[in-house]
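Only a predicted model underlies this, so the values are computations on that prediction, with no experimental measurement involved. Whatever order the structure lists them in is the order used to number ligands and atoms, beginning at 1.
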Amino acid sequence: MLLRDVLLDDVDAYVRMRCDPVMMADLGGPLPREGMADKVRRDVEQAGADLAWIKMIVADPGTPEVVAGTVTLWSHDAGEGPVSEIGWMVLPEFQGRGLGKRAVRTVLEQARDQNRWGVVHAFPATGNAASNAICRSVGFRFRSEVQVTFAGRVFRTNQWSIDPGADLT
Ligand SMILES: CC(C)(COP(=O)(O)OP(=O)(O)OC[C@H]1O[C@@H](n2cnc3c(N)ncnc32)[C@H](O)[C@@H]1OP(=O)(O)O)[C@@H](O)C(=O)NCCC(=O)NCCS
């Protein structure tokens, strides 16, 4: 497995991940296709400026253009100071092979090694067994169930957090 920064050529992978009702079932539903080229452009800029880590998961390093999924680590301010958050997706044909878990662990190892991002939070939907399993097995601690409103819908999510310097297993 390889992680590489997002590239402008990744629009098709974004469309498959973010405009698909199954992939987005726990993430607010599919996004409109029209916005994807702009979204990729903004993400390439953010990653290039090192404001966020926006990594594409590549299963076979020999074909880095074939995207298996993505892991993103970013910081946002919800009014109570900056919060670091991590999110992930793996495309259906690559699911169930341990790639999501390895990719999340690799990004958190980089955060630990660079002493960056502080405590990192994740908010998988309560019913997303695989994402909650990823949190549990890389060393996140369960905090509480949190209601999140996204695109006008209310979701039940589990808030997990990890201090990569101390908790990574
Ligand atoms: C959730 C997702 C990222 C998992 O990626 P993946 O590469 O298939 O997961 P892995 O193979 O690394 O498995 C991770 C863990 O989940 C478990 N798992 C995998 N698929 C599962 C399933 N369908 N049901 C229950 N557990 C599952 C694995 O056994 C493993 O647990 P372990 O660490 O205890 O052994 C992927 O299914 C996905 O992108 N789904 C759609 C989008 C999404 O839900 N994104 C996350 C929103 S928070």
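Between the side chain of R105 and the backbone N or O of T169 there is at least one donor-acceptor pair closer than 3.5 Å. Side-chain N or O atoms of D77 include one that pairs as donor or acceptor with a backbone N or O of G81 at under 3.5 Å.
For the pair D10 and R4, the salt-bridge criterion is met [side-chain N within less than 4.0 Å of a carboxylate O]. Salt-bridge annotation for D20 and R33: absent, with no side-chain N of the basic residue lying under 4.0 Å from a carboxylate O of the acidic one.
Near P124, the atoms of ligand 1 lying under 4.0 angstrom from a non-hydrogen atom of the residue are 48 (S). Of all the atoms in ligand 1, the ones that sit under 4.0 Å from a non-hydrogen atom of K101 are 12 (O), 32 (P), 33 (O), 35 (O). Here is the list of ligand 1 atoms found below 4.0 Å of a heavy atom in S137: 33 (O). Under a 4.0 Å criterion applied to the non-hydrogen atoms of L99, ligand 1 contributes the atoms 7 (O), 12 (O). If you number the atoms of ligand 1 from 1 as listed, the ones under 4.0 Å from a heavy atom of R97 come out as 11 (O).
Using modelled atom types and a 3.5 Å distance limit, the side chains of W88 and S131 yield a donor-acceptor pair. A donor and an acceptor atom, one from each side chain of R143 and S161, are located under 3.5 Å apart. Residues W160 and N132 have side chains that bring a donor and an acceptor to within less than 3.5 angstrom of each other.
Among all protein heavy atoms, the one lying closest to atom 47 (C) of ligand 1 is L27 CD2, 3.6 Å. Closest protein heavy atom to atom 28 (C) of ligand 1: A133 CB, 4.8 Å. Ranking the protein heavy atoms by distance from atom 14 (C) of ligand 1 puts I134 CG1, 3.5 Å first. Protein heavy atom in closest approach to atom 39 (O) of ligand 1: V90 N, 2.6 Å. Regarding atom 21 (C) of ligand 1, its nearest protein heavy-atom neighbour is A130 CB, 3.6 Å. Looking only at protein heavy atoms, the nearest one to atom 3 (C) of ligand 1 is W88 CD1, 3.4 Å. The nearest protein atom to atom 7 (O) of ligand 1, hydrogens excluded, is given as G100 N, 2.8 Å; this is a heavy-atom distance. Nearest protein neighbour of atom 40 (N) of ligand 1, counting heavy atoms only, is Q95 NE2, 3.7 Å.
Of the heavy atoms in V22, none comes closer than 4.0 Å to ligand 1.
Between W74 and W117, the ring centre distance reaches or exceeds 6.0 Å.
The hydrophobic clustering, which links ILVMFWY residues whose side-chain heavy atoms are closer than 4.5 Å, places M89 and F155 apart.
Heavy-atom neighbours of N115 CG from other residues, nucleotides or ligands within 6.0 Å: at or below the threshold of 12.
In terms of N/O distances under 3.5 Å, ligand 1 is approached by G96. Polar contact check, A129 against ligand 1: no nitrogen or oxygen pair lies under 3.5 Å apart. In terms of polar-atom proximity, defined here as any N/O pair under 3.5 Å, S131 makes no such contact with ligand 1. Inclusion of N128 in the set of residues having an N or O under 3.5 Å from an N or O of ligand 1 is warranted. Ligand 1 has no nitrogen or oxygen under 3.5 angstrom from a nitrogen or oxygen of D26.
In this structure, atom 23 (N) of ligand 1 is not in close contact with the protein, since no protein heavy atom lies within 4.0 Å of it. Distance check for atom 5 (O) of ligand 1: a protein heavy atom is found below 4.0 Å.
Between G98 and ligand 1 there is a heavy-atom distance shorter than 4.0 Å.
Note: Q159 CD to F142 CZ = 9.0 Å, rounded to the nearest 0.5 Å. The structure places CE of M36 at 14.5 Å from CZ of R16, a figure rounded to the nearest 0.5 Å.
Partner of K55 under the side chain to side chain donor-acceptor pair (under 3.5 Å) criterion, out of D5, T106, T70, T72: D5 alone.
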